[in-house]
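Here is the structure we will look at.
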Amino acid sequence: MHAERYNPRESETKWQQLWEQRETFRSRNDDPRPKYYVLEMFPYPSGRIHMGHVRNYAMGDVVARYRRAKGFNVLHPMGWDAFGMPAENAARLNKSHPGTWTYANIATMRGQLKSMGLSLDWSREIATCDPSYYKHQQGMFLDFLKAGLVDRKKSKVNWDPVDQTVLANEQVIDGRGWRSGALVEQRELTQWFLKITDFSQDLLDSLDTLDRWPEKVRLMQKNWIGRSEGLLVRFRIDPATAPAGESELEIYTTRPDTLFGARFMAVAPDHPLAAKAAESNPELAAFISECRRMGTSVATLETAEKKGFDTGVRVAHPFDPDWKLPVYVANFVLMEYGCGAIFGCPAHDQRDLDFVNAYGLGNVPVVCPAGQDPSSFTVTDVAYDGDGLMINSRFLNGMTIAQAREEVSKRLETTDIGGAPQAKRQVNFRLRDWGISRQRYWGCPIPIIHCESCDVVPAPKESLPIELPHDVQLDVNGNPLDHHPTWKHVACPNCGRPARRETDTMDTFVDSSWYFARFTDPWNAEAPTDKAVADHWLPVDQYIGGIEHAILHLLYSRFFTRAMQATGHLGLSEPFKGLFTQGMVVHETYRMADGAWVQPSEIKIETVGGTRHASLLEGGAEVAIGAVEKMSKSKRNTVDPDDIIGTFGADTARWFMLSDSPPERDVIWSEEGVQGASRYVQQLWRLIGEIAGIAAPVGASAPSDMSQKATAVRRLTHGHLLRVQENIERLRFNTAIAEIRKLSNGLSEAIGAVEEAGVDAGLAFALREGGDVLVNLFAPMMPHLAEECWQALGHDTPIAEAEWPLADAALATNDTVTLPIQINGKKRAEITVDRSADNATVETAVLALEAVQKALDGKAPKKIIVVPQRIVNVVA
RNA sequence: GCGGACGUGGCGAAACUGGUAGACGCAAGAGACUUAAAAUCUCUCGGGACUCCCGUGCGGGUUCGACCCCCGCCGUCCGCACCA
């Protein structure tokens, strides 16, 4: 019997249990069907899932269920990005262990994800904090070390004073730590680095092959890698001014063409020449240490004025030994990029221009824009960095920038000073090696032992995993691992003498740089991957996650895949074939008169005279409705997925998340929207009940003669089937949903007509087909309702295991088409003609139309454009 | 400063490859059913001077035809930012 109302609470758990029993979503590595790997970025187990997760996983699940129905062997796994600071902070607060907190959160969140009805293969679940996972990460670190992909060096690092740890460049946002928000300081420390820069060129070039990635993400990575082509040039130091032992200064430039516009040289405060010059110049030394003080905070660097100090050192211009240039120490020159030294051409570089204007060094333009008179062209406050012809540049005069660049490079390359060419072409990258040392407890230990006699010794592979000690004291200043009484003390694997373990742990972004590969064979105790299995499943066909990982996680994973390829763990270099970055979930904000934020669940909204008013549920106090913003705890505009699923069911939540907004854009969560989705759930349930009552039985074949009405229903069904399919494949979930609604509206209308006319065999067949197809179409979005409807329609195996219906393209198209008729580009009439009608026939018909006759007023048309099956335009 | 994206009804949006602008929904309004409410059903819903005209941020252009292509503005959002 078909119940009046669909009860999601009862149905959803019932079907979830059935899928689990039947192992419907288990994927097998030896399945012969073509593979499809769908992955959503795995969550950090922070405590509870939020609406952003619901959106992300709902999208992934549509893709997974659709591909499964299409006959693919789908891999759709889930895991936990489980190492990280919050666990440590929570443990310190609760006087417990980070692992306890983390695993409790995982249990809660696993339950929540299961209540969403996601078609995940839970048998492959992994947590990165589990020794069975990080054992292999340590193994790979050793492999990378052997392959020369790891470096240990002293370097200036970003230090987060709140989290008390080092951050990678990618993790510093606007001069602040990405997690703590604290102003980042510069410190000098010995660190472990993964040599991502070994792959700079390849990481850049291969971006072009990622044609199923958003253009935006590729561009961001391209800028981050920051390739530039330039010239290394050695300048001779005037012996009369040279500090002891110094004879030349090497600089990097991308504008060798502007060499005759040089006014000064500048070196970074950390440059060796600066230090040398400062030895005999206390004022300079003071300036350098002032720069260093300023430099401790990245934020102050950005706003700092351009400052410099003349070292007294003079260098000779490469093309004129008598032309001497002063060497400054300048606060805007970075030691980390190029040579830490530049030549300044103020006329064509804004930064250099600001500098000379502050120190009165003047400028000489050497590039003249087209249309400007070379003899009068001057630069004052705005540097000219556009195209033009060379001026004031001796043998370069009259050349284009490109010609001048080539000429200078060629001349200096072939000039010998001190037994080596004066210049060398060089490609530089902005990308830095990835510093992975973190002074934290809750991370993957770096498998290294420091021995006084043997120096740095890799831990033997047999000793892996090097597990974190459970008995840890977290409320200490600095690294808890370092403070542990016994953990770090071990015998040197080489000489057997007392040695100590590396107490730094790895950046948690290492953990997430290869989890997608681990999912292919998570049971493997011997190795991180089984190469054959991983190569079978990878690359991920569709990866879905937030844009915030455009650089960090996505670049690291691309590097890691290459490193795993180099060490024999994988046979490919690009991990993610298709990438989709979804928008955020946003919500209105609400505030009391005193400025306190109020949660959506605490208020009610009424519309009075067209305007919406909010008031507190308790007490009825007036609440101001504020801007729509990203859901956040601080603005208290969050909605708990559990509440929504408890009240409306998972299907309603999933449907609403996918409807309305295009998936890459932000979606506004609204109570009205959820109710609309919920109403539609009931509407579908009623419609399917009605169809079940009059449709032909399951498996009935098409009767030989079809009424017009029946054919119309079939046309409707197949047309929408085609369009939904296409929209899902393009991840246009919002338009797929619009098409589904059109189909259900159409079927509903057809049934309304049946009541008067009765149902013939053809229509019964068409309704059977239409009802079945409709359920198939919404099954990826609302899987529980779909199961219930599928059963109501008389099927006895779950729709989750059913094949996608086959669209009949011929059926989807009508024999006749209705063409809009334009006169001078404005629509004036319509005409219905045979689909196959030729242009002449259409023209004749169009000219006979009353509206056309009237517009032409007896005259012949100037022109008639007939676009077959599209439109007709008559030019009067 | 550099780079990118976007701008369409009261709202979220749709419109293929240059071919009927506003599909599908939300909100709103009117009506039916009901003792009543909810639910459900039917209708209206860009604007106007309503056979017609105007309308996709603004101003131009290309075209038989422009939300879509080109040029110039304005606005919003995002990313990077002393990178030599």
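Here is how names work: the chains are called A, B, and so on, in the same order as the sequence lines, proteins then strands, and each is numbered from 1.
- The same atom, C1', is picked in B:C33 and in B:G48; the two are 37 Å apart, to the nearest Å.
- Annotation: cation-pi pair A:R741/A:Y680 present, NZ/CZ under 6.0 Å from the ring centroid and within 45° of its normal.
- Comparing the P positions of B:G12 and B:G57 gives a spacing of 14 Å, expressed to the nearest Å.
- Side-chain proximity of A:L219 to the nucleotides B:G4, B:A27, B:A13 is greatest for B:G4.
- Annotation: of the two residues near RNA chain B, A:Q675 and A:S661, the 5′-most nearest-nucleotide partner is A:S661.
- Residue-level contact check: A:R828 touches the backbone only, with heavy atoms under 4.0 Å from sugar-phosphate atoms and none from bases.
- Side-chain atoms of A:R430 and base atoms of B:C80 include no donor and acceptor less than 3.5 Å apart.
- Residue contacts for A:R351: at a heavy-atom cut-off of 4.0 Å it reaches a base atom on one of the strands shown.
- For A:R255 against B:A84, no side-chain N or O and base N or O form a donor-acceptor pair under 3.5 Å.
- Applying the 90° cutoff around 0 to the glycosidic angle, B:C50 is assigned syn.
- The base of B:C82 lies close enough to the side chain of A:K306 for a donor and an acceptor atom to sit less than 3.5 Å apart.
- Contact annotation for A:V867: base contact, defined as any heavy-atom pair under 4.0 Å involving a base atom.
- Among the atoms of the strands shown, only primed sugar atoms or phosphate atoms (P, OP1, OP2) are found under 4.0 Å from some heavy atom of A:E672.
- The listed nucleotides are B:A14, B:A23, B:G19; the one nearest the side chain of A:A738 is B:A23.
- Ring centroid separation for the pair A:F332 and A:F355 comes in under the 6.0 Å cut-off.
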